[in-house]
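All remarks here apply to the structure that follows.
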Amino acid sequence: MVVVVSNAQPWSAFLTLRQAPLTSSSSFRIRPLTPRFRPLTPRFTTQRLGSFNTRCSINTDVLTDIATDQEVRDDVATDDCGCTIPVLHLKSDILEIEALNLLAKGTFVDTLLTTLPVLSEEEQNIIAATPAHPAGLYALYASCLAGYMVEQLWNFASPAAIALIHPSLLPVALMGFLAKLTVIVGGPLVGKLMDHFPRVPAYNCLSIVQTAAQLMSVGMIIHGHTLHPTSASSLLFRPWFIVLVLVGAVERLSGLALGVAVERDWIVLLAGTNRPVALAQANAVLSRINLLCEIVGAALFGILLSKYELVVCLKIAAGLMMGALPIVVSLTWLTNKLSSGVLDRAVETCLSCSFPSSLKSENIVGVGLEAIKHGWFEYIRQPVLPASIAYVLLYFNVVLAPGGLMTAFLTQQGLNPSIIGGFSGLCAFVGVAATFVSAKMVKHLGILKAGAAGLVFHASLLTTAVAVYWSGCLSQQTPIFFFLALVVLSRLGHMSYDVIGQQILQTGIPASKANLIGTTEVSVASLAESIMLGVAIVVNDVSHFGFLATLSLVSVVGAACLYCRWLENPTDTQRTLFSFSPHL
């Protein structure tokens, strides 16, 4: 039997069918539904399936005017096998009314669900200043503190130890030049590798490689300290020095990759790209940790060197390196765990993509050249290229900044070494202060305008400092102190843009290319610094310091003009990337 109910809904009618004993009559009788539901219990008689009688119970509170027995018999159809198929017509006016009532209630519920509250400006500011993974961020700070301390300690100890082996500047200069050359050539290759493999395992492997390179460098310097070479030229061709240069380049390249992974990728994932204040504060904290480690590392090794022999100091440094490695690895794992595994993922899930597969079929030179080419191509195509070029141009300023050239100039001017040391220390402390100022600037001016303010401030003070130099009165004590004070204050603008520009690049560079573009940018910055050092080698007389200072000033002013020009006419891509900035 088939019962056809028109326009019926599951909640509007209840039908119960009960098989009655087979009789000669095939009529239907309709009765109200009893409170007790009876299950379907068919009872079949043997050898008679041609006709059967069925009783239908229908809820009479919902259905009315049911057809009579005669009407039902008129609507009975017969199938091919001779079985009768009754068709039951039900009145559905009430069903339609009930359905409309339910629809109206559903519409009201949908209206309630789509009415969402709008956050106030204060609530939006709170969200913008709250990191996405605060616990993971603090673990990352601790990991960076341990890693940066050892790295900055070795950055100071290595040239100092080599200088104690031989008084010539040639070994240190050669090591520095080859290290920068390695960064220029190998930076894009390492960045591309980092973008193709899971972050945490790759980071830990590079940490192990960096520590091994540092320990091997310690061994080579201790070995060279026992030989006492007679001349600088003979020192350069010693096997231990060649090994020292090679492992130093590996150490520098590993440190570059680790720094880019943290500063361009992980810090963005933990703080949040669309949370500008939180990201600015995280960048500022990393810069403070780096600067403080630079000050403490240099001071620690200097104190050790004043009390113990060089070999003892190097062994203490080696012990610190070995002790810091498990701490860095453990804190890196903890950072990933506290951030729900946000760090441990490969940007490109297919490990057999074009680059990794090429390692099996091509030589490493071809792969490296292809990686460099691809890195430069992606670097030029990045949406925030003017901001990156402005960042690179600041690296041309190797004269009007604390460093070897400024130290040599001040020494030739007859200044006390304590004053020269105080100048370098003040520049470092101003850099720490800039990390606090940069976060406030981002909060009140927005990311892009804060970067412009830092560059303009830096260029203005350096312009005044160069004007004081060309006035020709630096032979007197007061003008030279005023000159140094302007250089120190200008570091406030330089370090502010260093932090803010890094955040701009973090926001504008796609996450899948963060390491590739970041390492390529560092390579370009190293190239710029190498060019200026080459010019300084050509014009190495102190009388040409004004010419070098003017070149440095031109690069800084050019960076400020380029950035402001880019900010003056924002593109659609720029507005989309920095749409969360209310001051764009």
Side-chain angles (χ1 to χ4, degrees), residues 159 168-170 172-174 176-181 184 389-417 419-424 426-427 430-431 454-495 497-498 523-565:
S168 175
L169 295 178
L170 183 58
V172 177
L174 181 61
F177 177 78
L178 291 178
K180 292 185 181 299
L181 182 62
I184 295 172
I389 294 178
Y391 179 81
V392 171
L393 286 175
L394 295 182
Y395 277 83
F396 279 97
N397 178 22
V398 296
V399 177
L400 299 175
L405 295 179
M406 177 63 78
T407 301
F409 170 74
L410 296 178
T411 302
Q412 292 293 329
Q413 295 295 318
L415 289 182
N416 191 293
I419 297 178
I420 301 175
F423 165 75
S424 300
L426 283 176
C427 288
V430 168
L455 285 176
V456 171
F457 183 81
H458 184 44
S460 300
L461 289 180
L462 286 187
T463 301
T464 307
V466 173
V468 171
Y469 174 84
W470 285 112
S471 64
C473 56
L474 286 186
S475 56
Q476 302 176 6
Q477 192 173 20
T478 302
I480 196 170
F481 283 165
F482 183 58
F483 170 79
L484 293 178
L486 290 173
V487 174
V488 169
L489 290 177
S490 71
R491 302 297 296 175
L492 185 64
H494 174 84
M495 294 304 300
Y497 183 76
D498 186 75
S523 300
V524 178
S526 298
L527 178 61
E529 193 173 359
S530 300
I531 292 174
M532 283 299 295
L533 289 175
V535 174
I537 291 174
V538 175
V539 288
N540 52 19
D541 193 86
V542 179
S543 61
H544 296 122
F545 181 83
F547 172 72
L548 296 175
T550 304
L551 287 181
S552 297
L553 175 62
V554 169
S555 66
V556 174
V557 174
C561 293
L562 176 64
Y563 184 89
C564 293
R565 180 67 180 272

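- The closest side-chain heavy-atom distance from Leu400 to His494 is not below 4.5 Å.
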Report task. Under the side-chain contact (heavy atoms from CB on, under 4.5 Å) rule, what do Phe423 and Val487 come out as? Steps first, then yes or no, please. Result -> CA-CA 9 Å; Phe423 165 75; Val487 174; 3.9 Å; yes
Requested in this report: Step by step, work out the side-chain contact (heavy atoms from CB on, under 4.5 Å) result for Val392 and Leu527.
Outcome: CA-CA 9 Å; Val392 171; Leu527 178 61; over 6 Å; no
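- Here the closest non-hydrogen pair linking Met532 and Leu551 is CE-CB, 4.1 Å.
- Side-chain contact between Thr550 and Trp470 is present, with heavy atoms from C-beta onward closer than 4.5 Å.
- One finds the OG atom of Ser552 at 14.5 Å from the OH atom of Tyr395 (value rounded to the nearest 0.5 Å).
- Atom CD1 of Ile184 sits about 5.5 Å away from atom OG of Ser526, to the nearest 0.5 Å.
- Side-chain contact between Ile389 and Tyr563 is absent, with no heavy-atom pair separated by less than 4.5 Å.
- Between Phe483 and Phe545, the angle of the ring planes goes over 60°, which puts this pair in the perpendicular group of the 30/60° scheme.
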Requested in this report: Assess whether side-chain contact (heavy atoms from CB on, under 4.5 Å) is satisfied between Leu553 and Thr463, documenting all intermediate values.
Outcome: CA-CA 7 Å; Leu553 175 62; Thr463 301; 3.5 Å; yes
Report task. Dump the intermediate steps for side-chain contact (heavy atoms from CB on, under 4.5 Å) on Phe396 and Val554, then the final yes or no. Result -> CA-CA 9 Å; Phe396 279 97; Val554 169; over 6 Å; no
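- Contact check for Leu484 versus Leu410: side-chain heavy atoms found under the 4.5 Å cut-off.
- In plain terms, the two heavy atoms of Ala559 and Leu394 that are nearest each other are CB-CD2, 4.3 Å.
- Residues Val556 and Leu393 have side chains not in contact (no heavy-atom distance under 4.5 Å, counting atoms from C-beta outward).
- Val456 is listed as a side-chain neighbour of Cys564, based on a closest heavy-atom distance under 4.5 Å.
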